[in-house]
2 protein chains.
Amino acid sequence: MTDKKKKKPTSFDVARLANVHRSAVSRALSGSGRVSEDTRKRVIQAAQELGYRVNFLARGLQNQNSGLVGLVASRLDTPYRASQVKVAARELLAKGYCPILIVAEGDVTLSGLIDRLLNYSVSGMIVTSDSPPAEIIEECKRLSVPVVLINRDLREVAADRVQLDIQASGQLAFDMLREAGGRRFAVLDPSQETFTVTGRARAFATCCHSAGMPAEVITPVGQNYADGLEAADLFMAAKCEADAVFCSTDLLALGFLDGMRVKYGRRLPEDIQILGYDDIEQAGWLGNNLSTICQDAGAAAMLAVDLLQARIEDGSRPFECATIPITPVHRATTRKITT
Amino acid sequence: MTDKKKKKPTSFDVARLANVHRSAVSRALSGSGRVSEDTRKRVIQAAQELGYRVNFLARGLQNQNSGLVGLVASRLDTPYRASQVKVAARELLAKGYCPILIVAEGDVTLSGLIDRLLNYSVSGMIVTSDSPPAEIIEECKRLSVPVVLINRDLREVAADRVQLDIQASGQLAFDMLREAGGRRFAVLDPSQETFTVTGRARAFATCCHSAGMPAEVITPVGQNYADGLEAADLFMAAKCEADAVFCSTDLLALGFLDGMRVKYGRRLPEDIQILGYDDIEQAGWLGNNLSTICQDAGAAAMLAVDLLQARIEDGSRPFECATIPITPVHRATTRKITT
DNA sequence: TTGAAAGCGCTAACAG
DNA sequence: CTGTTAGCGCTTTCAA
């Protein structure tokens with residue numbers, strides 16, 4: 001006969017059953033504090049029997065720290081972000097934290113949501129959003145809530161961060177396209193600016209310029225598939241003659257790719273070469289086979305979680321900035337390099 | 001001069017500044033309880049001034065209810081699931097709850113994670129995972145934590161649920177392919193069983209059988225792109241002569257599609273017709289243009305959140321089972337229906 | 001309407 | 001090593 005509608009057992013009940021004091025129960029179950037092997041066993045046993053579970057709200061209230069971690073992410077339905085969030089959540093969970101997911105759509109609402117997060121005495125926050133207002137980050141610092149920023153602007157307040165090397169990204173893109181025989185370059189640089197996306201597009205353009213081969217700039221609105229499609233129209237309308245285009249995002253690249261080959265009958269890489277960025281799963285699909293630059297979403301997420309944990313454990317350590325590794329991925333939308 | 005390292009202000013501080021008692025602060029800020037307009041204003045004012053925020057852990061401890069909601073999801077890096085989780089999180093947030101994201105990978109660890117969730121006195125739980133162990137759901141019921149199941153097995157314990165009509169799905173798939181001129185049918189039915197995916201594949205097969213045109217069954221391992229690719233190999237190896245194949249998942253369909261056209265040079269829909277299921281974003285991409293059946297992930301998520309909220313507000317209402325709407329999406333991998 | 005007081009369930013500091 | 005004693009910050013009766 002299991003206790004149906006009984007109230008949840010408290011540490012007090014466990015204590016009574018195990019014939020010890022509540023504090024002994026706490027010590028035995030929270031791991032901290034010394035307890036005799038005997039008591040520990042009796043407590044565990046009693047807890048088991050009663051189906052007791054520690055109330056984390058009470059514990060958090062006492063410790064001023066809930067074990068909850070805010071995970072702020074925009075564009076969650078995007079392949080890159082989805083896998084990043086997945087890994088971050090998994091790692092957080094593995095380390096004993098509980099991720100509260102805040103999905104951002106338009107900054108308007110976001111600050112209210114993060115505000116709510118702060119009410120829970122979160123132990124920390126990982127921000128992977130494109131653009132959470134800086135004031136919010138400030139607010140966190142004020143409340144001394146550790147924050148780890150993924151790919152956010154450098155000028156931000158002091159905080160641990162994980163980001164990719166923007167200059168190196170633009171350079172790598174240029175090198176890949178150049179080595180594949182590109183002569184006339186173009187780049188897709190969304191008008192909705194984003195720190196890393198805009199950054200690498202500009203860096204690429206700069207490299208082209210420095211090499212004496214200025215790139216034409218196509219400006220779709222956003223950085224999604226549909227925008228890539230739009231970019232193809234823009235490209236044609238402008239009678240752009242580039243033979244090698246760097247799309248600052250895989251989604252953009254895939255849209256542009258489809259536009260060029262399906263809508264405008266271009267062959268790849270013969271008529272035009274396309275290079276993406278991110279290496280999302282779809283880039284590797286047989287029908288796309290997109291050459292790209294891989295920035296490992298999972299690695300970035302894990303770095304972020306590690307940094308956060310380190311800071312939670314030692315709030316006074318110096319701020320760190322981890323770099324996301326990038327690697328070239330040669331597939332079928334760029335020519336084979338003749339060695 | 002903002003208070004730098006000061007402790008966080010409590011309701012006590014606000015009370016003092018507003019010249020009222022702490023309970024008045026609570027009443028003014030929690031909405032419940034009557035307060036004079038004057039006190040309310042003073043409290044709000046004082047709270048503002050101090051940068052006070054209610055401690056939800058303390059509130060939750062008192063109310064036995066934290067406002068936290070568990071969101072259990074597997075395969076988050078899959079387009080369908082990602083957009084579902086995004087919408088669920090957004091809706092939850094909009095209704096004042098905070099979603100704790102539990103990502104499931106293999107049932108082994110999952111039960112421990114949900115266990116942890118329960119320690120936070122979550123107000124409810126939405127389970128969209130393929131297969132969280134039934135005992136866990138039982139445990140939730142035992143602790144009277146409301147649970148909403150999305151597309152989980154019917155034989156489950158009593159709970160609110162959101163699911164699609166499996167029979168209707170199989171039937172619709174058959175009808176679409178039949179009307180598009182299909183003669184010989186095949187179906188991809190993953191060996192890793194999943195309630196809805198396996199269900200509609202079987203339902204489709206049953207429809208074929210009933211119509212006197214038994215379907216050939218291809219059995220890839222999972223339900224992802226790579227498995228679809230594998231299915232194409234299986235299809236060819238078996239010298240399958242089907243001219244219309246129902247892939248129980250868009251990812252499967254896209255993999256199968258790429259395998260058939262890129263690897264085996266088949267044209268669509270001339271040589272073979274393919275129908276997917278889900279209508280993920282990629283299905284609509286120009287290069288794929290996959291005919292499919294749309295099950296609206298966002299709608300499902302919203303239904304789930306609504307059901308959960310209703311149950312949290314009234315634990316005694318009868319259990320409900322909402323149905324996810326499905327609609328045919330005719331694109332280029334099936335023939336135009338001659339009207 | 002408002003103040004007083006009693007907890008919610010737990011942990012940590014302090015004695016024993 | 002174990003029991004005692006204070007709270008953590010809030011809500012909620014209960015009087016006034």
Could you state the [atom1]-[atom2] distance from [X] to [N], rounded to the nearest angstrom?
X: Q62(A); N: dT11(C); atom1: CD; atom2: C1'; value: 4 Å
X: F56(A); N: dC10(C); atom1: CZ; atom2: P; value: 11 Å
X: R22(A); N: dG9(C); atom1: CZ; atom2: C1'; value: 7 Å
X: R40(B); N: dT2(C); atom1: CZ; atom2: P; value: 10 Å
X: N63(A); N: dT11(C); atom1: CG; atom2: P; value: 7 Å
X: R42(B); N: dT2(C); atom1: CZ; atom2: P; value: 8 Å
X: N55(B); N: dC8(C); atom1: CG; atom2: P; value: 18 Å
X: R16(B); N: dG3(C); atom1: CZ; atom2: C1'; value: 17 Å

R16(A) with D13(A): basic N within carboxylate O range, under 4.0 Å: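 Looking at D13(A) together with R16(A), the answer is yes, because their closest N to O distance falls below 4.0 Å.
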Might you work through the salt bridge (charged side-chain N to carboxylate O under 4.0 Å, His left out) test for E138(A) and K141(A), ending with a clear yes or no? CA-CA 5 Å; E138(A) 283 296 357; K141(A) 307 256 29 146; over 6 Å; no
Of N19(B) and Q64(B), the one whose closest DNA chain C nucleotide lies more 5':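 With N19(B) and Q64(B) compared, the 5'-side residue is N19(B).
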Verify whether one side chain among R42(B) and Q45(B) offers a donor that lies under 3.5 Å from an acceptor in the other.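 Result is no, nothing qualifies.
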Please determine, by modelled atom types, if Y80(A) and Q295(A) share a side-chain donor-acceptor pair under 3.5 angstrom.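 The answer is yes; a qualifying pair exists.
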Between which nucleotides of DNA chain D, 5' to 3', does chain A make heavy-atom contacts below 4.0 Å?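 The footprint of chain A covers dC1(D) to dG9(D).
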What's [X] touching, base or sugar-phosphate or nothing? Going by heavy atoms closer than 4.0 Å.
X: S11(B); result: sugar-phosphate
X: T10(B); result: sugar-phosphate
X: V25(A); result: nothing

For S26(A) and dA12(C), is the shortest distance between a side-chain N/O and OP1 or OP2 below 4.0 Å?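 Indeed not, no polar side-chain atom of S26(A) lies that close.
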Do you know which two heavy atoms are closest between S66(A) and S121(A), and how far apart they sit?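 Smallest interatomic distance, heavy atoms only, reads OG-O, 2.9 Å.
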Where the side chain of L61(B) is concerned, which of dG7(C), dC8(C), dT11(C) is the nearest nucleotide?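 That would be dC8(C).
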Would you say R311(A)'s side chain and V147(A)'s backbone share a donor-acceptor pair under 3.5 angstrom?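 A pair under 3.5 Å: no.
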Is the backbone N or O of D115(A) less than 3.5 Å from a side-chain atom of R53(B), with the two atoms forming a donor-acceptor pair by type?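 Side chain of R53(B) to backbone of D115(A): a pair is present.
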Let's test your reading of the model: under 3.5 Å, does the base of dG3(C) pair with the side chain of R27(B) as donor and acceptor?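 Side chain to base: pair found, below 3.5 Å.
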